[in-house]
Undergrad: 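First, the structure itself, so that you have it in front of you.
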Amino acid sequence: QVHLLESGGGLAQAGNSLTLSCDASGRTSTVGAMGWFRQAPGKAREFVASISTSGFNVYYGDSLKGRATISRDNVSNTKNTMILQMNSLKPEDTALYYCVAGAGGITAQTTSYPYWGQGIQVTVIS
């Protein structure tokens, strides 16, 4: 089992930056790709970014492409940390952001990520 815990969300002014963190614990030796999805009220869940086990391969969704950087640190066999740095925030970035993890490679498919965090709110005001 892998447990995911997001942190770093909150309120931000448009144009500013915000950093989200995700701490993975448990059987992280089985974790391949990790990533982020988001869901705004009344909208479908949206892929944000994904990063491979090594951290060398990354994949960004259209929503934050060019404005976000994803990274990870595989601390040990029982702990990983993933970071999402978001810049030039817009009000439309307001959403609940979910940390995800799976056993395979980077992908935008929700079904490839069996592990999901509780989600953390990001609110961007103009």
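Heavy atoms only: backbone and side chains are in, while hydrogens, waters and symmetry mates are out. When a residue number appears, it is its place in the shown sequence, counting from 1.
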Undergrad: Is a side-chain N or O of Thr94 found less than 3.5 angstrom from the main chain of Val124, in a donor-acceptor match?
TA: yes
Undergrad: Go through the steps for Tyr59 and Ser52 under the test side chain to side chain contact (heavy atoms under 4.5 Å, CB included), then give the verdict.
TA: CA-CA 9 Å; Tyr59 176 32; Ser52 64; over 6 Å; no
Undergrad: Are there more than 12 heavy atoms of other residues, nucleotides or ligands under 6.0 Å from atom CZ of Arg27?
TA: no
Undergrad: Do Phe47 and Leu20 share a hydrophobic cluster (ILVMFWY, side-chain heavy atoms under 4.5 Å, transitive)?
TA: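 Phe47 and Leu20: separate clusters.
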Undergrad: If Ile, Leu, Val, Met, Phe, Trp and Tyr residues are connected whenever their side-chain heavy atoms lie under 4.5 Å apart, and connections chain through other members, are Leu89 and Ile83 in the same group?
TA: no
Undergrad: Given 3.5 Å as the limit, does a donor-acceptor pair link the side chain of Gln85 with the main chain of Ala68, or not?
TA: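 Not a single qualifying donor-acceptor pair exists.
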Undergrad: Give the minimum heavy-atom separation between Gly9 and Ile120, together with the two atoms involved.
TA: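 Smallest heavy-atom distance, with atoms named: N-CD1, 3.2 Å.
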Undergrad: With a 3.5 Å cut-off and no angle check, do the side chains of Ser17 and Asn87 form a donor-acceptor pair?
TA: yes
Undergrad: Have a look at Phe37 and tell me which of Tyr97, Tyr98, Tyr113 forms a ring-ring contact (aromatic ring centres under 6.0 Å, His included) with it.
TA: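 For Phe37, the ring-ring contact (aromatic ring centres under 6.0 Å, His included) check succeeds only for Tyr113.
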Undergrad: Would you call Thr28 and Asn74 a side-chain contact if the rule is heavy atoms closer than 4.5 Å?
TA: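 Thr28 vs Asn74: side chains apart.
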Undergrad: Test Glu6 against Ser21 for side chain to side chain contact (heavy atoms under 4.5 Å, CB included), laying out the working first.
TA: CA-CA 6 Å; Glu6 303 98 338; Ser21 297; over 6 Å; no
Undergrad: Which atoms form the tightest heavy-atom contact between Ala40 and Ala95, and what is the distance?
TA: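 Minimum heavy-atom contact is N-CB, 3.8 Å.
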Undergrad: Out of curiosity, Ile106 CD1 to Ile51 CD1, how far, rounded to the nearest 0.5 Å?
TA: 9.0 Å
Undergrad: Give, for atom CD of Gln109 and atom OG of Ser50, the distance between the pair rounded to the nearest 0.5 Å.
TA: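 That separation rounds to 11.0 Å.
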Undergrad: Grouping I, L, V, M, F, W and Y whenever their side-chain heavy atoms are under 4.5 Å apart, do Met86 and Val58 come out in a common cluster?
TA: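 They do share one cluster, since a chain of ILVMFWY contacts under 4.5 Å joins Met86 to Val58.
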Undergrad: Any chance NZ of Lys79 has more than 12 other-residue heavy atoms, nucleotides or ligands included, within less than 6.0 Å?
TA: no
Undergrad: Indicate yes or no: at least one non-hydrogen side-chain atom of Arg38 is less than 4.5 angstrom from one of Leu64.
TA: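 A side-chain contact under 4.5 Å exists here.
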Undergrad: Taking Gln39 for the side chain and Leu96 for the main chain, is one N or O donor matched with an acceptor at less than 3.5 Å?
TA: no
Undergrad: Considering non-hydrogen atoms only, spot the tightest contact between Pro91 and Ser126 and give its length.
TA: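 That would be CG-CB, 4.0 Å.
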Undergrad: Pair Val75, Asn80 - check side chain to side chain contact (heavy atoms under 4.5 Å, CB included), show working.
TA: CA-CA 5 Å; Val75 178; Asn80 288 350; 5.7 Å; no
Undergrad: Begin from the C-alpha positions of Cys99 and Trp36 and carry the test side chain to side chain contact (heavy atoms under 4.5 Å, CB included) through to its verdict.
TA: CA-CA 5 Å; Cys99 170; Trp36 295 91; 4.0 Å; yes
Undergrad: In this structure, which one of Leu4, Val2, Val100 forms a side-chain contact (heavy atoms from CB on, under 4.5 Å) with Met34?
TA: Leu4
Undergrad: Going from OG1 on Thr81 to CG on Asp23, what distance comes out if it is rounded to the nearest 0.5 angstrom?
TA: 4.0 Å
Undergrad: Are the charged groups of Arg67 and Asp93 less than 4.0 angstrom apart, N to O?
TA: yes
